[in-house]
S.K.: 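Structure below; questions to follow.
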There are 2 protein chains.
Amino acid sequence: MSPKPMARPGGRSARVQASVHAAVRELEAEQGRAALTVPLVAARAGVTPSTIYRRWGDLQELLSDVAVERLRPDTEPADHGGLRADLTAWAEQFLDEMSSTAGRAYIRDALLGDPDGGNAGQCSAYAAAQVDLVLDRARERGENGAGGAPARDAVMDHVVAPIMYRILFRPEGLSAAYARELVERTLDGLPD
Amino acid sequence: MSPKPMARPGGRSARVQASVHAAVRELEAEQGRAALTVPLVAARAGVTPSTIYRRWGDLQELLSDVAVERLRPDTEPADHGGLRADLTAWAEQFLDEMSSTAGRAYIRDALLGDPDGGNAGQCSAYAAAQVDLVLDRARERGENGAGGAPARDAVMDHVVAPIMYRILFRPEGLSAAYARELVERTLDGLPD
DNA sequence: TCGCTTAACGCAAAGGGATTGCTTTTACTC
DNA sequence: GAGTAAAAGCAATCCCTTTGCGTTAAGCGA
C-alpha cells in the first residue's frame with residue numbers, strides 16, 4: 001500500500017502526493033523527526049493541513065508511507081559468484097542498513113501508522129524479492145551444495161526474521177558476525 | 001522499563017500509577033482503543049492531564065507501559081514430560097496469544113511508545129524466561145536427544161523470532177502448524 | 001473538443017488535546 | 001519533627017485536529 005491506490009491518479013493528486021512526501025523528507029532532515037507536524041508539513045508542501053488529514057488521516061500514516069518508500073531497496077544484491085557469498089553479503093548489508101539509527105526509525109514508522117498491515121507487508125515483500133534474486137541466481141548457476149538452495153521462506157524465517165526481531169526487541173549488540181552466523185546455519189543445518 | 005523506576009516509589013505516586021493504569025484498561029475495554037485520550041484517562045483516574053503528560057510524556061508511552069504489563073506471562077509453561085512436547089506446546093500457545101487481535105495490539109503498543117527500547121526488551125525477556133524454564137527442565141531430566149538441548153538463543157532466533165516477524169510483517173496465514181514446524185526444525189536440524 | 005460528474009483540494013471556524021509556569025501537597029531524609 | 005525536593009494540582013495558552021462548504025480540476029462519454 002505504499003503507492004496508495006488513488007481513485008484519481010492524475011496530475012494534481014500526484015503532484016500533491018509528491019510534494020507532501022518531499023516536504024516530509026526535507027523537514028525530517030532539517031529539524032528532525034520529533035519536530036514534524038501535519039501543519040508544518042502542509043505549509044512546506046504548499047498544501048492545506050486538511051488535505052493531508054483527508055488523504056492520510058494521520059501524521060503517522062503519512063510517515064509510514066514515506067518510511068516504506070525509504071526502505072525500498074535501491075540496488076540489486078551484488079553477485080559474488082556463489083550462493084553462500086551472495087547471501088552472506090546481502091544479509092550483512094541488510095542488517096547494517098536496518099539496524100542503523102535511520103533504519104530503525106523507518107521500520108518503526110512503517111509499522112506504526114499501518115492499520116491494515118499493508119505497509120509492513122510491503123517491507124517484507126521487498127526483502128523477499130531481494131532474497132529471491134539471490135536464490136534464483138544460485139539455481140541458474142546449478143548450485144547444489146548440501147541439498148540445493150534453501151527455500152525463500154527458510155531464509156526469511158532463519159535469517160531475516162531473527163535480524164528484524166533483534167532490531168526491534170533486543171537493540172543491543174548487533175554485528176555483521178551475527179548475520180554471517182545466521183546464513184551459515186541456514187545453509188549448513190538446512191532444516192528441510 | 002515497564003515498572004518505571006520511580007525516584008519516589010511511595011504512597012501517592014504508586015496510587016496515581018495504579019489508578020492511571022486501571023483507567024486505561026477500563027476505558028479500553030469499554031470504549032475501545034481508538035477512543036483513548038489523555039484527558040479521558042486522566043478524568044477516569046481522578047488525576048489531571050498534566051500529571052500524565054509529565055510522568056509518561058505521551059499517550060503512546062503510557063499505552064506502551066500498560067501493554068508490556070499485559071504481555072507478561074501469567075503462567076509457567078506446562079510440563080508435558082519431554083523437551084519436544086514442552087517446547088511445541090509453548091510455541092503453539094505463544095503464537096496463539098500473540099497473533100490474536102488483542103495480542104497484536106499490545107505488541108504494537110509496546111513497540112510504539114518506547115524511545116529507548118526498554119519495553120520491547122522487556123517483552124523479549126519475558127519470552128526468553130519462558131524458554132529458559134522449558135530448557136532447564138529438559139536439562140534436569142538429562143535429555144540429550146540429538147546433541148543436547150538447544151541454546152536459549154537458538155530458540156529465540158528460530159522459533160520466537162519467525163513467529164513475531166510474521167505477526168508484525170506478514171499478518172496472513174498463521175497457524176499452530178507453523179509453530180510446530182519451527183520447533184521441529186530447531187530440534188532436528190539443530191544448527192549449532 | 002466540449003461539457004458533465006465527482007473526486008480531491010482550499011478555506012475557515014470551532015472544538016479540544018498538548019504544553020507550561022506557578023502553587024500546593026506529600027514522600028523521603030536527617 | 002523539621003527541611004527538602006519530587007510529584008501532583010491548577011489554569012491559561014497554543015495550535016493541532018476536525019468538519020462543513022465552496023471551488024478546482026481530473027476522468028469520461030458524446
Side-chain angles (χ1 to χ4, degrees), chain A residues 1-24 26-28 30-66 109 112-115 118, chain B residues 1-24 26-28 30-66 109 112-115 118:
Chain A
M1 188 167 266
S2 175
K4 226 173 251 287
M6 280 180 283
R8 191 167 284 190
R12 186 164 70 162
S13 290
R15 271 200 309 279
V16 168
Q17 158 136 4
S19 75
V20 168
H21 278 217
V24 168
E26 292 171 17
L27 289 170
E28 190 175 355
E30 292 172 13
Q31 312 191 16
R33 229 222 83 166
L36 290 188
T37 254
V38 171
L40 193 70
V41 172
R44 170 66 63 105
V47 180
T48 58
S50 63
T51 294
I52 294 182
Y53 284 117
R54 277 200 243 265
R55 266 192 55 172
W56 283 275
D58 199 323
L59 175 64
Q60 289 180 344
E61 287 186 40
L62 170 58
L63 292 182
S64 181
D65 281 358
V66 175
D109 284 342
L112 215 87
D114 194 20
Chain B
M1 188 164 269
S2 173
K4 226 174 252 287
M6 280 179 285
R8 190 167 286 190
R12 185 164 71 163
S13 290
R15 272 199 309 278
V16 167
Q17 157 138 2
S19 75
V20 168
H21 277 217
V24 168
E26 292 171 18
L27 289 170
E28 191 175 354
E30 292 172 14
Q31 311 191 18
R33 228 222 86 162
L36 289 188
T37 248
V38 171
L40 193 70
V41 172
R44 171 65 64 105
V47 179
T48 59
S50 63
T51 295
I52 294 183
Y53 285 117
R54 283 209 162 86
R55 272 199 43 178
W56 282 276
D58 198 326
L59 175 64
Q60 290 180 345
E61 288 187 39
L62 170 58
L63 292 181
S64 180
D65 280 358
V66 175
D109 284 342
L112 215 87
D114 194 19

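Chain letters run A, B, ... following the sequence lines, proteins first, then strands; residues in each count from 1.
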S.K.: Would you name the heavy atoms of A:A23 and A:V41 that are closest together and state the gap between them?
M.R.: CB-O, 3.7 Å
S.K.: Tabulate atom names and distances for all N/O pairs under 3.5 angstrom spanning the protein and nucleotides 10-12 of chain D.
M.R.:
| residue | atom | partner | partner atom | Å |
| --- | --- | --- | --- | --- |
| D:dC10 | N4 | B:S50 | OG | 3.0 |

S.K.: Looking at A:P49 and A:P39, what are the two nearest heavy atoms and their distance?
M.R.: CG-CA, 4.1 Å
S.K.: Starting at CZ of A:R15 and ending at P of D:dA25, how long is that distance when rounded to a whole Å?
M.R.: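 Roughly 9 Å, once rounded to whole Å.
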S.K.: Measure CG/A:L40 against C1'/D:dC15 and give the value in whole Å, please.
M.R.: 12 Å
S.K.: Please tell me if the side chains of B:H21 and B:L62 come closer than 4.5 Å, counting only heavy atoms from C-beta onward.
M.R.: yes
S.K.: Given side chains that start at C-beta, do those of A:T48 and A:T51 come closer than 4.5 Å, heavy atoms only?
M.R.: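 With C-beta onward as the side chain, the pair touches.
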S.K.: In the structure I gave you, are the side-chain heavy atoms of B:L112 and B:L63 within less than 4.5 Å of one another anywhere?
M.R.: no
S.K.: Identify each atom pair where a protein N or O and an N or O of nucleotides 23-25 of chain C are less than 3.5 Å apart, giving names and distance.
M.R.:
| residue | atom | partner | partner atom | Å |
| --- | --- | --- | --- | --- |
| C:dT25 | O2 | B:R12 | NH2 | 3.3 |

S.K.: Can you tell me how far P of C:dC9 sits from CH2 of A:W56, to the nearest Å?
M.R.: 7 Å
S.K.: Nearest heavy atom decides the nucleotide; on that basis, is B:V16 or A:G57 closer to the 5' end of DNA chain D?
M.R.: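 Checking each residue's closest nucleotide, the 5'-ward one belongs to B:V16.
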S.K.: Please report, rounded to the nearest Å, how far the P atom of C:dG17 is from the CG atom of A:D58.
M.R.: 15 Å
S.K.: Are any non-hydrogen side-chain atoms of A:R55 and A:V20 less than 4.5 angstrom apart?
M.R.: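 Not in contact.
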S.K.: Tell me: CG of B:L59 to P of C:dG16, nearest whole Å?
M.R.: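 Value for this atom pair: 18 Å.
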S.K.: With a 4.5 Å limit on heavy-atom distance, are the side chains of B:R44 and B:V24 in contact?
M.R.: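 No - every pair of side-chain heavy atoms lies 4.5 Å or more apart.
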S.K.: In whole angstroms, how far is the P atom of C:dG17 from the CG atom of B:L62?
M.R.: 15 Å
S.K.: For the pair made of CD in B:Q17 and C1' in D:dA6, what is the distance, rounded to whole Å?
M.R.: 15 Å
S.K.: Taking OP1 and OP2 of C:dA8, is either one under 4.0 Å from a side-chain nitrogen or oxygen of A:R55?
M.R.: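 For C:dA8, neither OP1 nor OP2 has a side-chain N or O of A:R55 closer than 4.0 Å.
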S.K.: What is the distance, rounded to the nearest whole Å, between atom CD of B:Q60 and atom P of C:dG17?
M.R.: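 So the two atoms are 16 Å apart, to the nearest Å.
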S.K.: For the side chain of A:S13, counting heavy atoms from C-beta on, which of C:dG17, C:dA8, C:dG10 is nearest?
M.R.: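 Among C:dG17, C:dA8, C:dG10, the one nearest the side chain of A:S13 is C:dA8.
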S.K.: Check whether any side-chain N or O of A:D109 sits under 3.5 Å from a backbone N or O of A:G113 as a donor-acceptor pair, and report yes or no.
M.R.: no
S.K.: Are A:Q17 and A:D65 close enough that some pair of their side-chain heavy atoms sits under 4.5 Å apart?
M.R.: no
